[in-house]
Every structure is written in C-alpha cells, then in structure tokens.
Amino acid sequence: MKFTEEHEWLQDDDGVVTVGITDHAAEQLGDIVFVELPEVGTEVTKDEEVVVIESVKAASDILAPIDGEIVEVNEAIVDEPSKVNEDPMGDGWFFKVKPSDPGQMADYMDEAGYKSFIG
C-alpha cells in the first residue's frame with residue numbers, strides 16, 4: 001500500500017489500483033454526507049480532481065494519484081457516505097484505476113513514511 005501527501009491510499013492488485021482516503025483524512029473531515037464519483041471508463045490524469053466529497057466541516061476534492069482509466073467505482077458510498085468514515089481503508093474505497101504508467105506508484109510513501117508524515 002502507498003500513500004500520498006493528500007492523505008489518499010493506493011493499493012495495487014494485479015495492475016488495478018484501488019484508491020481511498022486514509023483513516024487520518026476521514027477523521028479530519030468529520031462526518032461525510034455526500035460523495036460524487038467519476039464514471040467508469042473515464043480517463044484521468046495525475047492530480048486531476050476526480051471525486052467530490054462533502055462533510056459536515058467542508059467540501060473537498062479527491063485527486064487522481066496516477067494516470068489511467070477508471071475501471072470501477074464504489075457505488076455503495078454514494079448511497080451511504082458514512083461508509084467512508086466507518087471503514088475508509090476498506091469498504092470506504094472510492095474508485096479503481098488501471099494505470100497507464102504504473103511507475104507513478106513509486107512517487108508515493110510507504111506506511112512508515114506516511115505515519116512519519118502525519119506525525
């Protein structure tokens with residue numbers, strides 16, 4: 001698993017990368033009340049805004065951490081945004097992307113690095 005400075009996590013499973021937000025980010029956002037996901041088949045570019053989330057504290061954008069095609073989205077969190085708070089690094093994932101440049105994963109922190117980053 002890899003982590004971005006924007007508090008996203010990435011899990012590579014056989015060439016498809018699942019993306020979500022970390023426990024830390026979910027705690028900072030507070031209760032999430034709305035999630036807008038990209039459409040399957042959308043081509044995304046690294047650092048492009050792909051997900052909109054709204055919490056009781058603020059609205060936030062989730063950026064694509066890598067270039068690629070969205071191959072699956074987690075419709076369950078659209079119906080129940082609270083799943084993101086309940087299990088952000090499990091059932092609360094946002095989307096899966098098939099990377100066009102898997103080497104971009106090397107740009108991100110491992111778990112130890114992320115823990116150090118958030119202090």
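Here the structure is a predicted model, which is why all the values come from computation and not from measurement. Numbers here are sequence positions counted from 1.
Across P99 and G15, no two heavy atoms sit closer than the pair CD-O, 3.1 Å. Closest approach of D67 and K46 over heavy atoms only: OD1-N, 2.6 Å. When every heavy atom of E48 is checked against every heavy atom of E43, the shortest pair comes out as OE1-O, 4.1 Å. In terms of heavy atoms, V71 sits closest to K98 at CG1-CB, 3.9 Å. The two atoms that bring K96 and V16 nearest to each other are CB-CG1, 3.7 Å, heavy atoms only. Here the closest heavy-atom approach between residue L29 and residue S60 is recorded as CD2-OG, 3.4 Å.
Note: the hydrophobic cluster containing V78 also contains I70 (ILVMFWY, side chain heavy atoms under 4.5 Å, direct or indirect links). Following chains of ILVMFWY side-chain contacts shorter than 4.5 Å, one can reach V73 starting from V17, so the two form part of one hydrophobic cluster. In terms of hydrophobic clustering, with Ile, Leu, Val, Met, Phe, Trp and Tyr side chains grouped at heavy-atom distances under 4.5 Å, W93 and V51 are assigned to different clusters. Linking Ile, Leu, Val, Met, Phe, Trp and Tyr residues whenever their side-chain heavy atoms come within less than 4.5 Å leaves W9 and V50 in two separate clusters. Following chains of ILVMFWY side-chain contacts shorter than 4.5 Å, one can reach F95 starting from Y108, so the two form part of one hydrophobic cluster.
The side-chain heavy atoms of Y114 and H24, taken from C-beta on, include a pair separated by under 4.5 Å. Two residues are said to be in side-chain contact when any heavy atoms from C-beta on lie closer than 4.5 Å; M109 and E5 meet this criterion. Two residues are said to be in side-chain contact when any heavy atoms from C-beta on lie closer than 4.5 Å; I53 and V84 fail this criterion. P65 has its side chain within reach of V19: a pair of non-hydrogen atoms, C-beta onward, lies under 4.5 Å apart. Between V56 and V33, some side-chain heavy-atom pair lies under the 4.5 Å cut-off. With a 4.5 Å cut-off on side-chain heavy atoms, I66 and D12 do not count as touching. Here the side chains of I32 and S55 are in contact, with some heavy-atom distance below 4.5 Å.
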Next item on the list: Go through the steps to decide whether M89 and M1 satisfy the test side chain to side chain contact (heavy atoms under 4.5 Å, CB included), and finish with yes or no.
Entry: CA-CA 10 Å; M89 298 182 69; M1 187 174 281; 3.6 Å; yes
Next item on the list: Carefully, step by step, assess V97 and L10 under the rule side chain to side chain contact (heavy atoms under 4.5 Å, CB included).
Entry: CA-CA 10 Å; V97 59; L10 297 78; over 6 Å; no
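Taken to the nearest 0.5 Å, the CG atom of L63 stands 6.0 Å off from the CD atom of E8. Interatomic distance, CD of E72 versus CG of L37, reported as 11.0 Å (0.5 Å rounding). One distance of note links CG of N85 with CD1 of I21; it measures 7.5 Å at 0.5 Å rounding.
Each of T22, D23, I62 was compared with H7 under the side chain to side chain contact (heavy atoms under 4.5 Å, CB included) criterion, and only T22 meets it.
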